[in-house]
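Following: one structure in structure tokens, then a few remarks.
Bear in mind the structure is a predicted one, so any value in this text is a computation, not a measurement. Numbers restart at 1 for each chain; the letters A, B, ... are given by sequence-line order, proteins then strands.
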There are 2 protein chains.
Amino acid sequence: MDISVLRNSILFRDFDDTEISELLKALNAAEKKYKKGTMIFSSGEITDKLCFVTTGSVTVESNDMWGNRTILNLVSEGQFFAESYALLPDVPMLVDVCAAEDCGIIFMSMKSLEKLGDTVRSRLLMNLLTITTRKNLHLSSRSFHTAPRQVRGRIMAYLNTVSVQKHSREFDIPFDRQQLADYLNVERSVLSNELSKMQRDGLIQCRKNHFEII
Amino acid sequence: MDISVLRNSILFRDFDDTEISELLKALNAAEKKYKKGTMIFSSGEITDKLCFVTTGSVTVESNDMWGNRTILNLVSEGQFFAESYALLPDVPMLVDVCAAEDCGIIFMSMKSLEKLGDTVRSRLLMNLLTITTRKNLHLSSRSFHTAPRQVRGRIMAYLNTVSVQKHSREFDIPFDRQQLADYLNVERSVLSNELSKMQRDGLIQCRKNHFEII
DNA sequence: GAAAGTATGTTGTAATTACAACATTTCAGG
DNA sequence: CCTGAAATGTTGTAATTACAACATACTTTC
């Protein structure tokens, strides 16, 4: 397994290559490839696997019985997902996870945490804690993006966050139109329409997933 | 400080009374009382304090510039809040925290974690991990409650969750009408109206915050 | 138990969104 | 450089929601 991406991950912060290799073995790490659109986890499944995205990206989403999709999170290369379910192994997943692009995922068994020595284990726990707290902030920030009652408000809330993160008024977003609509919990056509209006009103410029706030 | 409530908290699981007392001292624990409606934290503040609700309850909420309130979470007696901000002490809070009722809060400094011995520290970290992962699930479940496009769908999604949690078709909810509206991201009057319709349609029965699903 | 204050229910209208249907643009393979 | 498939944009209408204004019910305090 290629550990170059893992070396820079939060999980293995302060671990050297030898330690990482040993840990991967202890955690039964295994990589799997997925084609765009494939479902990686379905709501109701139980897992103890911490998942790491080596290439591509996945969406964490809720698909209700009427076919509405809500994207809770987009997880890209170098990030983790399913950490909560991995650490609470009796809780069935509430979400689906889908390959947003062709992607590679490394699965690590958290059940195996117990087998680790005290020191290594506690260093790993600290890193896991960083992952889960950051994920928490991510989940809350989506709440801000969907808090405004109107579509324009939601778009602005989202674009502002991205702009702040990237330290620039001009940036790319990781979503296509349908994904952005599903993330902001609005109709795709209404989103497209509102983006057009916002350009006419001189608020933003956009082309595909490149945006500029004016 | 009265540690009887803390004894049963997730944070101190597997700690005995002596250990808890020592930990409270090490973490500079201090209790403070708040009147209903008081703001405990404001968006933008920075804190390293893990907060525990001894009595009453608080809401974690986002108040935007147009005066819209969105309740992300209601934290009741025996639960924690601000854990993400406490553990990522350079991140300013995105949310406000308000006393939903008269309440008591114990503040514990997470900066002081470093001072602890390895063993105690790692036991505490494991418990913190449980707190943050559970909080994660809580945050995602709100996303399901607000995912349906229509008010009735949101109400049903929420009531279903509560019903499952309480193992009963009949239960009390912790929200009043305004709070429930702010949690589900809908207008209070529209919520009241829809609840009436749902009763006429024979879907539910409700009086104040007591509900029955039929 | 009256008064004042707070919470909840009801209604109408204006504004917004959902949804469907179709037009246009973009992109990947042949 | 065609062609089909996918993504994005546009528009109109039906349905839903926001908002304000008011009515009713419930609580708390004196």
Side-chain angles (χ1 to χ4, degrees), chain A residues 35-37 57 59 64-71 74 98-102 145-157 172-201 203-211, chain B residues 35-37 59 64-71 98-102 145-157 172-201 203-211:
Chain A
K35 281 281 171 201
K36 175 175 177 174
S57 61
T59 51
D64 71 22
M65 59 183 106
W66 301 282
N68 296 317
R69 174 171 78 160
T70 301
I71 295 183
L74 185 139
C98 283
E101 313 168 85
D102 291 356
H145 302 150
T146 55
R149 302 292 166 84
Q150 276 117 7
V151 173
R152 181 172 293 201
R154 295 189 185 191
I155 297 172
M156 283 314 258
D172 290 340
I173 65 170
F175 292 125
D176 64 29
R177 291 288 180 278
Q178 183 64 61
Q179 290 173 324
L180 182 57
D182 290 342
Y183 177 80
L184 296 178
N185 237 182
V186 300
E187 274 292 310
R188 182 198 58 79
S189 64
V190 174
L191 170 66
S192 270
N193 195 248
E194 193 63 37
L195 284 174
S196 300
K197 285 188 201 160
M198 290 168 74
Q199 294 194 71
R200 264 178 256 143
D201 292 351
L203 285 173
I204 60 168
Q205 278 285 105
C206 67
R207 183 183 153 70
K208 289 206 55 184
N209 56 354
H210 187 81
F211 284 75
Chain B
K35 281 281 170 203
K36 175 175 178 174
T59 50
D64 71 22
M65 59 183 106
W66 300 282
N68 296 316
R69 173 172 79 160
T70 300
I71 295 184
C98 283
E101 312 168 86
D102 290 357
H145 303 151
T146 55
R149 302 292 167 81
Q150 275 119 9
V151 173
R152 182 172 292 200
R154 296 189 185 191
I155 296 172
M156 282 315 259
D172 290 340
I173 66 170
F175 292 124
D176 64 29
R177 291 289 180 277
Q178 184 65 61
Q179 290 173 324
L180 182 57
D182 290 341
Y183 177 79
L184 297 178
N185 237 180
V186 300
E187 273 292 311
R188 182 199 58 79
S189 64
V190 174
L191 170 65
S192 270
N193 194 248
E194 193 62 37
L195 285 173
S196 301
K197 285 188 201 161
M198 290 169 74
Q199 295 195 71
R200 265 177 255 144
D201 293 352
L203 285 172
I204 61 169
Q205 279 285 105
C206 67
R207 183 183 155 72
K208 288 206 56 188
N209 56 353
H210 186 80
F211 284 75

Measure CD/B:Glu187 against P/C:dT13 and give the value in whole Å, please. 18 Å

Identify whether any heavy atom of B:Asn193 sits under 4.0 Å from a base atom; if not, whether one sits that close to sugar-phosphate; answer base, sugar-phosphate or nothing. base

Say whether, by atom type as modelled, one donor and one acceptor occur between the side chain of B:Arg177 and the main chain of B:Lys208 under 3.5 angstrom. yes

Per A:Ser189 side chain, nearest of listed nucleotides D:dT8, C:dA20, D:dT27: C:dA20

Measuring from the side chain of B:Val190 (C-beta onward, heavy atoms only), which nucleotide among C:dT16, D:dT17, D:dT8 has the closest atom? D:dT17

Donor-acceptor pair, side chain of B:Gln178 and main chain of B:Arg188, under 3.5 angstrom: no

With no hydrogens and no angle check, is any side-chain donor or acceptor of B:Gln179 less than 3.5 Å from a backbone partner on B:Asp176? yes

Is A:Lys197 close enough to D:dT10 that one of its side-chain N or O atoms is under 4.0 Å from OP1 or OP2 there? no

Per nearest nucleotide of DNA chain D, the residue lying toward the 5' end, A:Gln179 or B:Gln150, is A:Gln179

Nearest to the side chain of B:Ser192, which nucleotide is it out of C:dT8, C:dA18, D:dT10? C:dT8

Would you call B:Asp102-B:Lys36 a salt bridge at under 4.0 Å N-O? no

Spacing of B:Leu191 atom CG relative to D:dA20 atom C1', expressed in whole Å: 17 Å

Output yes when at least one side-chain N/O atom of B:Arg177 is less than 4.0 Å from OP1 or OP2 of C:dG9, else no. yes

Round to a whole Å and report the spacing from CG of B:Asn185 to P of C:dT17. 13 Å

Starting at atom CD of A:Glu101, determine the distance to atom P of C:dC27, rounded to an integer number of angstrom. 15 Å

Starting at NE2 of A:His210 and ending at C1' of C:dT26, how long is that distance when rounded to a whole Å? 18 Å

Do the side chain of B:Asp182 and the main chain of B:Ile71 share a donor and acceptor less than 3.5 angstrom apart? no

Distance-only, no hydrogens or angles: does the A:Asn209 side chain make a donor-acceptor pair with backbone N or O of A:Ile173 under 3.5 Å? yes

Choose from D:dT8, D:dA18, C:dA18 the nucleotide whose nearest atom is closest to any side-chain atom of A:Arg188. D:dT8

Please classify the nucleic acid contact of A:Ser196 as base, sugar-phosphate, or nothing, using heavy-atom distances under 4.0 Å. sugar-phosphate

Mind checking if A:Arg152 touches a base, just sugar-phosphate, or nothing, with heavy atoms under 4.0 Å? nothing

By the 4.0 Å heavy-atom rule, please label A:Lys36 as base, sugar-phosphate, or nothing. sugar-phosphate

Pick the nucleotide of DNA chain D nearest each of A:Cys206 and A:Arg149; which residue has the one closer to the 5' end? A:Cys206

Taking CD from A:Glu194 and C1' from D:dT11, how many angstroms apart are they, rounded to a whole number? 15 Å

If I take atom CG in residue B:Asn68 and atom P in nucleotide D:dT17, what distance separates them, rounded to the nearest angstrom? 16 Å

Does A:Arg207 reach a base, just sugar-phosphate, or nothing at all? Heavy atoms under 4.0 Å. sugar-phosphate

Between D:dA7 atom P and A:Asp182 atom CG, what is the distance in whole Å? 12 Å

Measuring from the side chain of B:Lys208 (C-beta onward, heavy atoms only), which nucleotide among D:dT10, D:dT27, C:dA18 has the closest atom? D:dT27

